[in-house]
Amino acid sequence: MRNYESTFSKLLLVLFSLACMAFFALPLLWLLTAPFTPMTTLSVEIPDNPTLDNFRTVFKNEFAIRALFRNNLIIAGGAMLSVAAVATLASYGLSRTRIVGRDILVYVLMLFSSVVGGTAAMVPLFLLAYHLKLIDTHVGVILVMTGGLLPAAIFMMRDFVDSIPRSYEEAALVCGAGPFRIFRDIAFPLVRPGVAVVAIWAFVNAWGAFLIPVVMLRSPENMPASVALYSFYSEAGTPVHTLVSAYAFLYGLPVLVLYLLVNWRFGFRFFGGIKS
Amino acid sequence: MEKRPGVFSGKVGLTFLTPALFFVAIFLILPFFWIFYLSFTNRTLTGVTAANPQFVGLENYQRLFDFDQWMRYGQFGNALKITFQFVLGSALLGQAVVGLTVAWAFYRRKGLLRETVFTLAVLAWIIPEVVVAFAWSAFLDVDRGTLNTILSAVGLGQPDWLFDYPLLTIIIFNTWRGSAFSILLFSSALETIPPSYVETADVVGASAWRKFRDIIFPLMRGHILTDLILITLWTFNVFTPFLLTGGGPTFRTELVSIYTYRTAFKFFEFGRGGAIAVVMMLINFMLAMGYLIALRRQKAVS
């Protein structure tokens, strides 16, 4: 009886897993075969002679390549650096000073950012950038993204900073080191894994963003890959699907690589802890 | 949490916090108040009302809540209705149920099956939104798309998903896109439950459903609440379906976020866009408040 039941439940689990895999993988399957297919098609087919011609053609498109390898790197790299730097400093300050009600402060900030965030905030943010003469600049996009990502980044960093021991810092303080020296030479090296996780998280978010750049940028030569890809399949008549898929593949690849990196190095999990 | 004296004085702490405070003040708090002001003006991007916006009182709100018009396609009431169905379908029924089911199915299990399912779900969640929207538009193609190829092979016809069932399609799309968060959250919540609780039930021979209902669910109530509110807030504000449908056909998938976008950035009516944004933020605010109150009540119970 026991054996029968465990075999049965194992079979059930396998079937359930297969259903889940199909649900999550099937919509993306075409994106894995199409870039290597010589003929334009929307069917999933393993090409007989896989080709890299689609990628070669994509690399000849100056607009597409500038969007991906220049604009996207500037925007995502800039947002990554500013989010990681500001969030690390802030969570260190929050962790090492007695501030009344700091936990509540961080929670309120998180909720506030989800209340203000999203499309609703784009109207005043656009006008703000307009008055600061930051429309159609990468700096404007980076600043707005940093503002949006910061509360969640501080929330994540806090756990990392709280978990490193204070005794070294206290000893250094006794020896007369200043607070910024203590931060740079003692705390920062210890909290580096946390900085890496938050930096990658910010990079992936900025890398994939569509709404902020499409609203804030004007000229085609400043557009990141998200806007370029969207214009390829939505505006330009009948798109050559295999070419667009090759571009989408190139654009999605870094996220996949970073996910694998984080998974291998730290184990993909919730950073910042879950409070029930 | 234990109270410990800080390593540094408050002044030093504030110095570390200054850059963050700058960003929060300029990019979160300022827009919040600006949007209220904007919603009472007729501010536009160009023309006379760009340089000298007039105070128009409640006009923007009156137009938004013009009840003769507002349930028509492309109007605010209709967008609210669609958003409500979308949140109900893809957050509460979709992501939360998928999350709970998957997390519970793989409870206390390790191995390849679990790893594969979790990895695929996470990839659907983190790949750039334009890439997944493009992949889905190919997936849903009437003649050659993967979905209809499979369906017609088993004799279920070839519907034009984005035209015949646009709302259902974006609900499933968003469930697919966002389930990973609930799966991960519920899995970590399940790990905190002592195995002995479930082992006792195993000895008595309780069914999986009974174990879930009588042991797991009561212990996870707080996590379920956290999950529901977060995914509700996110789904309410999500813009990604625009990349798949553009809000169409004939406004049938025009969520409030897309409606805001169209008003503010296609017609550049910032005053009206501001009024919509205020209403959206109020709804967001009520959801967040509901979360805090429910969480407090939950803590008082346990």
Side-chain angles (χ1 to χ4, degrees), chain A residues 13 16-17 20-21 24-31 41-44 86 89-90 92-93 96-99 111-116 118-121 123-125 127 144 146-147 150 154 166 169-170 173 179 204 207-208 210-211 215 226 229-230 233 241 248 251-252 255 259 268 270 274 276, chain B residues 5-8 10 12-13 16-17 19-20 23 27-28 31-32 34-35 38 102 105 113 116-117 120-122 124 126-131 134-136 138-139 141 144-146 149 176 184-185 188-189 222-223 226 233 237 239 243 257 260-261 264-265 270 273-274 277 280-281 284-285 288:
Chain A
L13 185 76
F16 178 75
S17 304
C20 288
M21 288 175 206
F24 285 114
L26 281 180
L28 293 178
L29 199 57
W30 175 79
L31 210 52
T41 171
L42 280 168
S43 318
V44 174
V86 176
L89 286 173
Y92 187 66
R96 296 303 193 254
T97 330
R98 251 195 93 180
I99 295 170
L111 280 182
F112 195 73
S113 81
S114 52
V115 169
V116 179
T119 347
V123 179
L125 286 174
L127 284 173
V144 167
T146 306
L150 200 54
I154 294 175
R166 298 154 162 243
E169 294 159 52
E170 278 156 359
L173 200 66
V204 167
W207 184 264
F210 172 79
L211 186 62
V215 163
S226 56
L229 176 59
Y230 181 69
Y233 77 78
H241 284 106
Y251 168 47
V255 173
Y259 166 74
F268 189 89
F270 275 111
I274 309 162
S276 63
Chain B
V7 176
F8 303 125
V12 175
F16 279 109
L17 279 168
F23 274 103
F27 294 102
L28 279 180
F32 180 72
W34 198 341
I35 214 159
L38 268 177
V102 172
L113 286 179
T116 315
V117 171
L120 290 173
V122 167
I126 60 171
I127 286 176
E129 53 184 347
V130 189
V131 175
F134 173 63
W136 268 74
F139 174 65
D141 184 75
R144 311 295 304 273
T146 313
T149 309
W176 175 88
L184 292 175
L185 193 148
S188 346
H223 292 102
T226 307
L233 267 175
N237 289 294
F239 188 72
L243 302 169
S257 59
T260 317
Y261 175 76
F265 298 109
F270 290 139
M280 266 183 99
M281 287 200 306
N284 279 338
F285 181 73

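Note that these values count all heavy atoms, side chains included, but never hydrogens, waters or copies made by symmetry. Within every chain, numbering begins at 1; the chains are lettered A, B, ... in the order of the sequence lines, protein sequences first and strands thereafter.
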Student check: side-chain heavy atoms of [X] and [Y] closer than 4.5 Å:
X      : Y      : value
B:Y261 : A:V215 : yes
B:V102 : A:F16  : yes
A:Y259 : B:I127 : no
A:V255 : B:P128 : yes

Structural part of [X] lying under 4.5 Å from a heavy atom of chain A:
X      : answer
B:V131 : both
B:F134 : both
B:F270 : both
B:L243 : both
B:F139 : side chain
B:S257 : both

Gap between atom [atom2] of [Y] and atom [atom1] of [X] - 0.5 Å precision:
X     : Y      : atom1 : atom2 : answer
B:F23 : A:T146 : CZ    : OG1   : 4.5 Å
A:W30 : B:T149 : CH2   : OG1   : 12.5 Å
A:T97 : B:L17  : OG1   : CG    : 6.5 Å

Contact class of [X] relative to chain B, heavy atoms under 4.5 angstrom:
X      : value
A:V204 : side chain
A:I154 : side chain
A:L229 : both
A:F210 : both

Write down the atom of [X], the atom of [Y], and the distance for their closest heavy-atom approach.
X      : Y      : value
B:A20  : A:L150 : CA-CD2, 3.9 Å
B:A105 : A:L13  : O-CD1, 3.3 Å
A:L211 : B:E129 : N-OE2, 4.5 Å
B:W136 : A:P27  : NE1-CB, 3.4 Å
A:V123 : B:G274 : CG1-N, 4.4 Å

### For A:E169, salt bridge (Lys or Arg N to Asp or Glu O under 4.0 Å) partners two or more places apart
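Applying salt bridge (Lys or Arg N to Asp or Glu O under 4.0 Å) to A:E169 gives A:R96.
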Select, from [options], the one with the greatest count of heavy-atom pairs under 4.5 Å involving chain A.
options                       : value
B:G145, B:A138, B:G273        : B:A138
B:A121, B:A277, B:A135, B:P19 : B:A121
B:V117, B:L38, B:V12, B:T260  : B:V117

### Message
Please rank A:A248, A:P124, A:G208, A:G93 by heavy-atom pairs under 4.5 Å with chain B and give me the top one.
### Response
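Top count of heavy-atom pairs under 4.5 Å with chain B: A:P124.
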### Task
Output, in order, the C-alpha distance, side-chain angles, deciding distance and verdict of side chain to side chain contact (heavy atoms under 4.5 Å, CB included) for B:W176 and A:L26.
CA-CA 11 Å; B:W176 175 88; A:L26 281 180; over 6 Å; no
